[in-house]
Novice: 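Sharing a structure here in C-alpha cells format.
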Amino acid sequence: MSRSVLEALTSYTAMQCIPSDGCSLFLRVRASITLHEHLRGLEACTVSLDTQETQCQSVWVARASHRQQVGQQLQVYFGCFAVSVAQHLYVTLRTIPHFCGVQLDQKHLVEAGKLSYWVDRRRKAILVQVPRASGSPDYYVRLCHKRFTCEDVGAPVQVTANNVSRVVSLPYSQELPCLCLEGWSATPDAVRIQICPFENDTEALEVLWDTVYYHPGSQTLSWEPTCPVSGHVSLCWRPGPGASCRKLQRSSQLVHRRVQYPLVDTQPQLCLKFSTSWGSWVRCPFEQRRFPTPPTSRCTCVTGGSHSSLPANPHSRPARSLQPQVTSQLPLPLPSW
C-alpha cells in the first residue's frame with residue numbers, strides 16, 4: 001500500500017462543557033485519506049511526552065470492494081482525546097491493517113496561553129476555561145466592549161491559583177460583534193488575550209442597526225452605533241413591502257458616531273439604509289404605528305406660567321403631506337417618481 005493513501009492529519013484543541021460537570025479540554029483528530037481496496041480502518045494514537053501515557057482510537061472504513069470506489073477521498077473524524085493545558089503530545093495515524101512506512105505523525109502542544117470558551121445562548125453566558133499550568137499565578141477574565149479601548153462589561157473575575165474549578169461563567173445582555181472576552185495573569189505588565197466570540201456572527205451584526213430612535217419633540221431621527229462601524233448611512237424611500245429602497249440624494253452620512261436627521265416626517269415609506277463592508281441593511285422605523293422613541297424622551301408643556309412634564313405624544317402634531325420632508329444643511333430633493 002502506498003503512503004499517499006494517508007493524505008493529511010489534523011489535530012486541534014476543543015472544549016466540551018456539561019452544565020452539571022463543568023468544562024474539559026479535549027484533542028480532536030481528523031484524517032484525510034484515499035480509499036484503497038486493502039484498507040479496513042484507521043488508528044489514531046496520542047502519546048504524552050511528559051508521562052508516556054498513550055490513548056488510541058480506531059475507526060473502521062467500509063471496504064472498497066467495487067473498483068469504482070477505489071481512489072475516492074474521505075474525511076475521517078475520531079472521538080475526543082482527554083488532554084490538559086501545556087501538555088506536549090505526539091499524534092500518530094496508521095492504517096488497519098498496518099503497512100510498513102504508511103504512517104503520519106505530528107507534535108501537538110496544548111497551549112497554556114489560549115482561552116477556551118463556550119457560548120451558552122440559552123443562559124446568555126460565556127463559559128471560560130481558565131489556563132492552568134504548574135506554578136501559575138492568579139488569573140483575571142472579563143467581558144468588554146471593544147472600541148478605542150475595551151470598556152468593562154461588569155467587573156473582572158479573579159480565579160485564584162488554588163481554585164479547584166477553573167471554569168468561569170460570564171453573563172452578557174446582548175450579542176454584539178464588539179463584545180469580547182479578555183484574560184490575563186495577575187503579574188505586572190501581563191499580556192492580555194482577547195477573543196471576540198460574535199465578531200463574524202450574522203445575528204450579532206443584525207443588532208447593530210436596531211438602535212434607531214425618533215425624538216417627537218424635535219422631530220429628529222437618530223441612530224447611534226453600539227459597536228464601531230465603518231460605512232455610510234442614508235435616508236431612502238421604500239414604496240411598499242419587499243420593494244427596493246431608493247436612496248434620497250444628499251442624505252448620505254459617514255458612520256462614525258451618532259447620526260441625526262432633523263425635522264423628519266413620520267412616513268411609513270421613509271427608511272434608513274446602512275452600507276458597510278459586511279453588506280447593506282434597511283430599517284424602516286415608521287412602518288409600525290408605535291415607532292421607537294428613546295426611553296427617556298419627554299416634552300414640557302407650559303400653561304399660565306406653570307409647567308409640567310408629560311410623555312411625548314408623536315400623534316399630537318398636525319398631519320403632513322404623504323411625501324418625505326427632511327430639513328438639513330442642504331435641501332434634499334424628493335423622489336421624482
Novice: Of Arg28, Gln106, Lys107, Arg30, which meets side chain to side chain donor-acceptor pair (under 3.5 Å) against Ser11?
Specialist: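 The side chain to side chain donor-acceptor pair (under 3.5 Å) with Ser11 is passed solely by Gln106 among Arg28, Gln106, Lys107, Arg30.
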Novice: If the threshold is 4.0 Å, N to carboxylate O, is there a salt bridge linking Arg283 and Glu206?
Specialist: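 Looking at Arg283 and Glu206, the cut-off is met.
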Novice: Write down the atom of Asp265, the atom of Leu270, and the distance for their closest heavy-atom approach.
Specialist: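 Looking at all heavy atoms of both residues, the closest pair is O-CD2, 3.7 Å.
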Novice: Do His215 side-chain atoms and Gly217 backbone N/O form a donor-acceptor pair below 3.5 Å?
Specialist: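 Checking the backbone N and O of Gly217 against the side chain of His215, no donor-acceptor pair under 3.5 Å is found.
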Novice: Is the Cys245 SG less than 2.5 Å from the Cys271 SG?
Specialist: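 Cys245 does not pair with Cys271 as a disulfide (SG atoms not under 2.5 Å apart), so no.
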Novice: Is a donor from one side chain sitting under 3.5 angstrom from an acceptor on the other, for Thr34 and Glu7?
Specialist: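 Side-chain D/A pair, Thr34 to Glu7: present.
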Novice: Check whether Thr220 reaches the backbone of Pro262 with its side chain - one donor and one acceptor, N or O, closer than 3.5 Å.
Specialist: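 Judged by distance alone, no pair lies under 3.5 Å.
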Novice: Quick one: closest heavy-atom pair of Val259 and Leu254, and the distance?
Specialist: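 Taking every non-hydrogen atom into account, CG2-O, 4.2 Å.
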Novice: Taking the two cysteines Cys56 and Cys45, decide whether their SG atoms are closer than 2.5 angstrom.
Specialist: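 With an SG-SG separation under 2.5 Å, Cys56 and Cys45 do form a disulfide.
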Novice: Please evaluate residues His108 and Thr13 with respect to the criterion side-chain hydrogen bond (donor to acceptor under 3.5 Å, both in side chains), reporting the C-alpha separation (whole Å), side-chain torsions for both, the decisive distance (0.1 Å), and the verdict.
Specialist: CA-CA 9 Å; His108 183 94; Thr13 307; 3.2 Å; yes
Novice: Got a sec, which pairs hit salt bridge (charged side-chain N to carboxylate O under 4.0 Å, His left out) with one end in residues 224-240, sequence neighbours left out?
Specialist: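 Sorted result for residues 224-240: Arg238-Glu287.
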Novice: Shorter than 2.5 angstrom, is that how the SG atoms of Cys180 and Cys144 come out?
Specialist: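 No, Cys180 does not link to Cys144 through a disulfide.
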Novice: Keeping Gln57 on the side-chain end and Cys80 on the backbone end, is there a donor-acceptor pair under 3.5 Å?
Specialist: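 Between the backbone of Cys80 and the side chain of Gln57 there is a qualifying donor-acceptor contact (under 3.5 Å).
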Novice: Could you give the distance from CG (Leu272) to CZ (Phe286), rounded to the nearest 0.5 Å?
Specialist: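 So the CG of Leu272 and the CZ of Phe286 are separated by 8.0 Å.
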Novice: Using every non-hydrogen atom in the two residues, find where Gln103 and Asp105 come nearest and quote the distance to one decimal.
Specialist: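 Nearest pair, atom of Gln103 first, then Asp105: NE2-OD2, 3.7 Å.
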Novice: Counting N and O atoms only, with roles assigned by atom type, does the side chain of Thr276 sit under 3.5 Å from a partner on the main chain of Trp278, one being a donor and the other an acceptor?
Specialist: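 Flag set: sc Thr276 to bb Trp278 pair under 3.5 Å.
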Novice: Do Arg192 and Trp184 form a cation-pi contact, if we require the NZ or CZ to be under 6.0 Å from the six-membered ring centre and within 45 degrees of the ring's axis?
Specialist: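 Ring-cation test returns yes.
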Novice: Are any of the side-chain heavy atoms of Val282 and Cys284 separated by less than 4.5 Å?
Specialist: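 Touching, per the 4.5 Å side-chain cut-off.
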Novice: Checking Asp120 side chain against Arg123 main chain: does a donor-acceptor pair fall under 3.5 Å?
Specialist: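 Side chain of Asp120 to backbone of Arg123, a donor-acceptor pair under 3.5 Å: yes, one is there.
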Novice: Side chain of Gln253, backbone of Gln260: donor and acceptor closer than 3.5 Å?
Specialist: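 Confirmed, Gln253 side chain pairs with Gln260 backbone.
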Novice: So, does Tyr117 use its side chain to make a donor-acceptor pair with the main chain of Pro197 at under 3.5 Å?
Specialist: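 Absent.
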Novice: Under a 4.0 Å N-O cut-off, is there an ion pair linking Glu175 with Arg121?
Specialist: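 Salt bridge: yes.
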Novice: Check for me whether the distance between the ring centres of Phe198 and Tyr172 falls short of 6.0 Å.
Specialist: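 Yes - the distance between ring centres of Phe198 and Tyr172 falls below the 6.0 Å cut-off.
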Novice: Compute the centroid of each ring, for Phe274 and then for Trp281, and state whether the two points are separated by less than 6.0 Å.
Specialist: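 So the answer is no for these two rings.
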Novice: Can any side-chain N or O of Thr51 pair as donor or acceptor with the backbone N or O of Ser48 at less than 3.5 Å?
Specialist: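 Absent.
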Novice: With side chain to side chain contact (heavy atoms under 4.5 Å, CB included) as the criterion, how do Tyr214 and Tyr261 come out once you've worked through the C-alpha distance, each side chain's angles and the decisive distance to 0.1 Å?
Specialist: CA-CA 10 Å; Tyr214 182 69; Tyr261 291 97; over 6 Å; no
